[in-house]
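Below: the structure, in structure tokens.
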Protein chains: 4
Amino acid sequence: MPRPTFFNLPQAKQQKVIESIISEFSQYPLSQGSVARIVKKADIARGSFYQYFDDLEDAYYYVLGLVGEKKMTYLRPILHASPDLPVMDLFKRLFRAGVQFGAEHPQLAKMGALFLQEEKRVRQEVVAEEEEGAIRFYHDLLMKGKQTGEIASDLDLHMAAFVLFHSQMALMERALKQMEWEEGSDVLQEFMTEFDHMLELILYGIIRRES
Amino acid sequence: MPRPTFFNLPQAKQQKVIESIISEFSQYPLSQGSVARIVKKADIARGSFYQYFDDLEDAYYYVLGLVGEKKMTYLRPILHASPDLPVMDLFKRLFRAGVQFGAEHPQLAKMGALFLQEEKRVRQEVVAEEEEGAIRFYHDLLMKGKQTGEIASDLDLHMAAFVLFHSQMALMERALKQMEWEEGSDVLQEFMTEFDHMLELILYGIIRRES
Amino acid sequence: MPRPTFFNLPQAKQQKVIESIISEFSQYPLSQGSVARIVKKADIARGSFYQYFDDLEDAYYYVLGLVGEKKMTYLRPILHASPDLPVMDLFKRLFRAGVQFGAEHPQLAKMGALFLQEEKRVRQEVVAEEEEGAIRFYHDLLMKGKQTGEIASDLDLHMAAFVLFHSQMALMERALKQMEWEEGSDVLQEFMTEFDHMLELILYGIIRRES
Amino acid sequence: MPRPTFFNLPQAKQQKVIESIISEFSQYPLSQGSVARIVKKADIARGSFYQYFDDLEDAYYYVLGLVGEKKMTYLRPILHASPDLPVMDLFKRLFRAGVQFGAEHPQLAKMGALFLQEEKRVRQEVVAEEEEGAIRFYHDLLMKGKQTGEIASDLDLHMAAFVLFHSQMALMERALKQMEWEEGSDVLQEFMTEFDHMLELILYGIIRRES
DNA sequence: CATGAATGAGAATTCATTCAT
DNA sequence: GATGAATGAATTCTCATTCAT
């Protein structure tokens, strides 16, 4: 957690610092992050950084939390507003909200993605926890689908959640990379459709009789 | 490529060096690799390393090639020996061969996995190429399935290959990590079954009528 | 150019660092200079050096500039204060001023001399430029002498400037070396007389009728 | 001195090694010489070098001696064949012979030149000795001129020798550098004329009444 | 609370020289 | 006498973190 010093800073300055950190970690994983670059970008003194945070890691996890919160502002409405939507529509909306988030805050999304493939060795636990959390969340949604009868009763829920999670992650990463290249162009619709396809494919499988 | 000096070394010593490099890069990505650790583990002089290789990168890609070759010894028989097996059985066998490889050479497998999530920013091209190659390979197999009628004719082959590749990658990583923990225990069967499940799930989808 | 960090240092410390660098490069050419020796002599941390300068070359050229400026404080008064002195008296005074400079700042003079015979292969351009500049300067002075009639009209000005420059350089180097040995002794007068002789010799030639 | 091992080598191989060393030291001063480059060029094993010579310095001075001998084959005839030529014609011929040598053996000449401006710090004595030898030689010639009346009796012989030596050295260096650039072109005559000019200038001085 | 200089361990890489075969 | 692998000290440069002002 940042030191009190940080929170006493005027909002504008706090924001500038946070943005520098996000910028850094949307390009480099934690282990490659550089205090030098961050303070330069934030235009603060080298020492100030250490008045605000214990160290690089402290700053990283603090900002990562903010990213998570931001992402939740996209997802929460969906979860809360539609309690008895078919589960599969829920997934569709969630994925689409993810795309929206990535398009509107590409740096935050990139930081999140970078985090999830963080050196599987450093801070393994934290990452693993986060991953498990996400998969469990998917799992719970699917469970609901089983209860409502939308989903075959003999489905391996864990595996389904696993596949959904990792496929969505991989597709999101690809999308972020493409957005970076074709910056500005409006590929939002395109990506949403792609996520729809992916969901459909996983729902109905590769081998399909009628659909 | 290693310098001639390296190939002039007695086999045993070459092997020791190679193993040190593999050990290093099954734990650290290229950018975090340390010559110091490698030479210590291989028990050679600091300078010797530079008699063998141009630099760390040289060593890395050389060994990565060896890993690829080794993996191919597991996959090649399957591809060659069973030309007209149903495509889906082929996948099943390939996945199982992958598990076998991971179980028998966990470090090699880890190095390969680490490579594929290599800092998405450094050497992007090489990694991306490799990934695309793998996905294209899956895609071609699926195409065959379409031709033989095993697979629905309106399937988005690219997306299917994408989902298969990344799901398999993610599961393999999890498996490798677990093997590390429960080292020695015979979880091979267990993992094979898990891969079977995954394949089945992706084949038939989450929402299944009869199966 | 040094980084701002360097100029923020207290004068005394800046001076100490500069002196260490001069000391280094009055003994070794750029290519042989050692950061290790400099930081030891200046009694600063290894890393501090790199806070002040980009690298050894940066430090070298910065200090070389200072040396040049210092030398100009000896030469400038002569050039400006005596516009219509006979050219040959000008040379005499310039040479003597050079001796004065060498006697009062032997290390600076040595550094300058070392620079001018810098590995004729590295940084050739910079050195060559400097040499040409000096010769051209001599040439222009001689030209004036031709115009005032002091100098025979058929003289090869370029060759004369060339001979003057290199003879003076060589003599200066010898003088500096001797000062080093007989350190402290007052050889100043002696050297000035020697430079006078040299000038006279080149003026009137080896084969002289009357003089 | 080289070890006996070296002299037992077949002539052709000896020659190849010598040429590699000359090539090296016509480009780099002793302190920058690299055994690695030499053995590569000579196509011998790293260890062989140390069977032939004690170390780099040993090789250097041995080959330097050969260079001196070679140069003497150009100068000796002049000294011996014309005992009562006017001293100044002798100088002219010597300088011209020097140019000839430089044109026909540019690498040897470059090595010699590089030697004479060798890090004034390393092996100072050897270089100084050589320089003094050359100047003394010039001095003795001039002395003869004094005795025959060619040269004014009040001339400062030491200074004259000094100026002659260093001017000639400097001009030779410039000539060698130009030959390197305009390789192949026949600039020999041009340079000889230039040396003639220089000699004349130093003989008759900058300020000349009639000439 | 801001500042930015100081620190020094640690990284990669080079290379003359030795020595076992 | 030839070979070339082994060695390790020495080099430059980087950077997170501390600390005095």
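In what follows, every chain begins at residue 1, and chains take the letters A, B, ... in the order their sequences are listed.
- Scanning for side chain to side chain contact (heavy atoms under 4.5 Å, CB included) contacts around Ala36(A) gives Ser34(A), Arg46(A), with sequence neighbours left out.
- In this structure, CZ of Phe7(A) is placed 16 Å from C1' of dC1(E), rounded to the nearest angstrom.
- Phe25(B) is linked by a ring-ring contact (aromatic ring centres under 6.0 Å, His included) to Tyr60(B), counting only residues two or more places apart in sequence or in another chain.
- Distance alone, capped at 3.5 Å, is enough to place a donor-acceptor pair between the Ser20(D) side chain and the Ala42(D) backbone.
- For the side-chain hydrogen bond (donor to acceptor under 3.5 Å, both in side chains) test, residues two or more places apart in sequence or in another chain that qualify with Asp54(C) are Arg3(C).
- The salt bridge (Lys or Arg N to Asp or Glu O under 4.0 Å) analysis of residues 13-27 of chain A, with sequence neighbours excluded, yields the pairs Glu24(A)-Arg37(A).
- As rounded to whole Å, 15 Å separates atom P of dA12(E) from atom CZ of Phe53(B).
- When the P atom of dA16(E) is taken as reference, atom CD of Glu57(D) falls 13 Å away, rounded to whole Å.
- Across Ala59(C) and Ile21(C), no two heavy atoms sit closer than the pair CB-CD1, 3.9 Å.
- Residues forming a ring-ring contact (aromatic ring centres under 6.0 Å, His included) with Phe49(A) (at least two apart in sequence, or on another chain): Phe53(A).
- Nearer to the 5' terminus of DNA chain F, by closest-nucleotide assignment, is the contact made by Ile44(B) (compared with the other of Ile44(B) and Gly33(C)).
- For the pair Thr5(C) and dA5(E), the criterion of a side-chain N or O lying under 4.0 Å from OP1 or OP2 is met.
- The interatomic distance linking Asn8(C) (CG) with dA20(F) (P) rounds to 20 Å, in whole Å.
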Between the protein and nucleotides 8-10 of chain F, list the N/O to N/O atom pairs that are separated by less than 3.5 angstrom.
residue	atom	partner	partner atom	Å
dG8(F)	N7	Gly47(B)	N	3.4

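- A side-chain donor-acceptor contact under 3.5 Å links Gln14(C) to the backbone of Leu9(C).
- Side-chain N/O atoms of Tyr52(D) include none lying less than 4.0 angstrom from OP1 or OP2 on dG1(F).
- By the side chain to side chain contact (heavy atoms under 4.5 Å, CB included) test, Gln51(A) pairs with Thr5(A), sequence neighbours left out.
- Rounding to whole angstrom units, NZ of residue Lys40(C) and P of dG8(E) are separated by 15 Å.
- For residues 9-16 of chain A, proximity to DNA chain E is found at Leu9(A), Lys13(A), defined as any non-hydrogen atom under 4.0 angstrom from a strand atom.
- Dashed line: the shortest gap from a side-chain N or O of Tyr50(C) to OP1 or OP2 of dC13(F) is under 4.0 Å.
- Gln32(A) has its CD atom 14 Å from the P atom of dA11(E), to the nearest Å.
- With sequence neighbours left out, Asp58(C) forms a salt bridge (Lys or Arg N to Asp or Glu O under 4.0 Å) with no residue at all.
- Here dG4(E) presents its P atom at 17 Å from CZ of Phe49(A), a figure rounded to the nearest Å.
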Applying the Watson-Crick and G-U criteria (both distances under 3.5 angstrom) with [ ] for crossing and | for other-strand pairs, one obtains for DNA chain F .||||||||||||||||||||
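- As judged by a 4.0 angstrom heavy-atom cut-off over every strand, Phe6(B) is placed among residues making no nucleic acid contact.
- Distance CG (Asp55(A)) to P (dT17(F)): 5 Å, rounded to an integer number of Å.
- Every residue was checked against the side chain to side chain contact (heavy atoms under 4.5 Å, CB included) condition with Lys40(B), not counting sequence neighbours, and none meets it.
- Taking for each of Asp54(B) and Asp43(A) the nucleotide of DNA chain E with the nearest heavy atom, the 5'-most of the two is the partner of Asp43(A).
- Among residues two or more places apart in sequence or in another chain, the side-chain hydrogen bond (donor to acceptor under 3.5 Å, both in side chains) test is passed with Lys41(B) by Ser23(B).
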